[in-house]
Amino acid sequence: MDLNGLAQTSGEWLRGTGPESDIVISSRIRLARNLAQFPFLSRADDAGRAEIESLLREPISSLPVDGELTYFSVNNLDALDRQFLVERQLISREHAEMHGSRGVGIGAEENVSLMINEEDHLRLQVLRSGFALDECWAEINSIDDALEEHVTFAFSEQLGFLTACPTNVGTGIRVSVMLHLPALALTKEIQKVFQAMQKMRLAVRGLYGEGSQAMGDFYQFSNQVTLGPSEQEIIDKLKEVVDGIIKYERRVRDELVVKNRQRLHDQVSRAYGILRSAQTITSEETMHLLSSVRMGINLGLVDGLEIPTTNELFIQTQPAHLQKLRDEHLESAERNVARATYIRQRLGSSNHEHN
Amino acid sequence: MRKCSRCSKPATLHITELKEGDVHALHLCEACAQEYLSNVEVGQESEDPEDLFQQQIESSIEDLEDVDQLSCPDCGITFKEFRSQGRLGCPQCYLAFENELMPLLENIHGETQHTGKLPKRAPEASRRQYELIKLRNRLRTAVESESYEEAAQLRDEIQKMETAFSEEPDK
Ligand SMILES: [Zn+2]
Ligand SMILES: [Zn+2]
């Protein structure tokens with residue numbers, strides 16, 4: 001696996017396939033684990049971190065999962081490569097920005113990413129396209145079992161798997177689903193969803209780009225409780241809740257189409273028009289417009305464009321991806337030009353342009 | 001009863017938010033909760049998460065000054081350091097700070113007993129113990145949701161398991 005080659009492709013989880021993939025972008029499960037015989041990372045010095053990495057690297061690299069795992073020493077990657085892995089959701093922002101020995105094993109399809117020395121010694125992650133939490137769990141559970149053959153994780157009978165932060169203790173599981181909810185956002189019905197989530201101790205988070213403002217009507221729903229219920233109970237609860245939100249979004253979409261078809265069609269067409277003709281565009285505006293177009297495709301208001309293309313553009317128009325695609329360092333203003341050019345090419349309108 | 005953190009009315013809504021591993025809880029009355037939920041952007045906090053983590057710890061511990069001096073015999077981290085970083089130093093910290101962490105865990109998760117996956121090497125006895133805990137939890141949920149038929153079934157199952165345990169000679 002070569003990071004520069006990856007920029008042209010996308011992971012399996014962005015392919016826009018799988019159950020309910022018009023609304024559910026991706027499903028993800030991560031498990032936090034720590035080695036029993038080592039302090040957590042806040043108390044591990046450089047030598048300790050290096051020892052943990054070398055101890056975990058071997059069992060991780062030999063796992064029988066997802067074709068072949070490629071291992072990257074994250075501390076040896078430059079800032080652009082680290083940012084690139086963050087954009088692809090293969091490492092966390094925190095993992096990219098920490099210091100000391102750390103690494104990640106990435107599956108060939110990019111469904112599996114195993115981070116060493118993140119907040120915990122080990123963060124296992126499985127990602128899938130669409131609404132596929134059971135498949136995520138089956139895979140991550142077997143990876144966890146396989147690792148247990150080689151190492152002993154910190155565990156207590158009462159508190160379960162012990163983690164650096166008490167918010168993850170117990171199962172160490174974070175189950176999350178990324179949803180595209182343009183109709184609920186447009187009608188402000190999303191506020192009701194937030195309220196319901198808070199009461200059920202579920203978290204909702206917006207998707208972020210360069211800035212800190214949530215954009216593009218993408219929302220990630222995840223569990224907060226990790227101690228008490230079993231993994232399956234946590235997964236089942238999230239599945240049930242997400243199922244309800246999907247139905248809600250569909251209902252509001254249908255109503256919108258019936259009541260405001262013309263306005264909606266106009267909005268979607270304008271968004272598509274701007275994306276196909278803009279000469280400079282920020283990532284915020286890109287997300288916002290792509291979100292409109294994506295909904296338009298699902299409602300049959302856009303011809304000649306497919307969901308996987310919009311999904312890919314969300315990732316490939318991000319800063320590190322653009323710079324990898326162009327193979328040069330770009331400042332923010334230059335990125336906006338490069339982004340607009342790339343989008344025009346992908347949307348098939350570059351032939352009108354003289355280069 | 002907890003008071004609303006914005007005014008002094010009793011808090012009826014307990015909002016726990018998590019961002020990048022930090023937990024922060026808000027205890028609000030109905031009116032303040034409405035206001036909060038209509039103003040807050042998803043994923044954006046109206047207050048600094050670190051402050052809220054602090055508040056949550058402070059609210060669950062009484063003699064904070066004494067407690068701050070406690071330290072873990074294994075890794076040496078003090079409770080005060082844990083409070084400021086939000087991260088424990090080693091697995092033993094959970095034992096060293098047990099009295100302080102339990103109310104915090106209760107606050108965050110609503111429970112303090114793991115019933116999920118067990119390491120493969122866990123002894124058979126703990127596996128059965130877990131099964132019982134799980135069944136009892138399900139029984140409680142069934143009773144709370146007034147599913148009496150399910151509750152009756154669960155009671156039978158629990159009884160059967162308990163009898164089976166007690167009849168087996170200790171190993
Ligand atoms: Zn109030
Ligand atoms: Zn410790």
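Please read these numbers as outputs of a predicted model, since none were measured by experiment. Within every chain, numbering begins at 1; the chains are lettered A, B, ... in the order of the sequence lines, protein sequences first and strands thereafter.
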**Asked** With only heavy atoms counted, which part of Q232(A) is less than 4.5 Å from chain B, the side chain, the backbone, both or neither?
**Response** neither
**Message:** For S92(A), which atoms come within 4.5 Å of any heavy atom of chain B: side chain, backbone, both, or neither?
**Reply:** neither
**Fill in**
Most heavy-atom pairs under 4.5 Å with chain A, out of G110(B), C75(B), G89(B), belong to G89(B)
**Complete:** Counting heavy-atom pairs under 4.5 angstrom with chain A, the leader among C90(B), G116(B), C93(B) is C90(B)
**Request:** Check each atom of S222(A) against the heavy atoms of chain B and say whether the ones under 4.5 Å are side chain, backbone, both or neither.
**Result:** neither
**Request:** Can you tell which part of I77(B) gets under 4.5 Å to a heavy atom of chain A, answering side chain, backbone, both or neither?
**Result:** both
**Prompt:** Could R138(B) and E157(B) be called an ion pair, given the rule that one side-chain N must be under 4.0 Å from one carboxylate O?
**Reply:** no
**Request:** Let me know if E81(B) has heavy atoms under 4.5 Å from chain A in its side chain, its backbone, both or neither.
**Result:** side chain
**Item:** Non-neighbouring partners of H109(B) that pass ring-ring contact (aromatic ring centres under 6.0 Å, His included), sequence neighbours left out
**Value:** none
**Message:** Any carboxylate oxygen within less than 4.0 angstrom of a Lys/Arg side-chain nitrogen, looking at R82(A) and E97(A)?
**Reply:** no
**Message:** With a 4.5 angstrom heavy-atom cut-off, is it the side chain or the backbone of A44(A) that approaches chain B, or both, or neither?
**Reply:** neither
**Request:** Please determine, among N34(A), L41(A), N141(A), the option with the most heavy-atom pairs under 4.5 Å with chain B.
**Result:** N141(A)
**Item:** Side-chain ion pair, R123(A) and E118(A), N-O less than 4.0 Å
**Value:** yes
**Request:** Please name all residues satisfying side chain to side chain contact (heavy atoms under 4.5 Å, CB included) with P182(A), sequence neighbours left out, ordered by chain then number.
**Result:** H180(A), D217(A), E249(A), R253(A), S291(A), M295(A)
**Request:** Output yes when R33(A) and D120(A) qualify as a salt bridge under the 4.0 Å nitrogen-oxygen rule, no when they do not.
**Result:** no
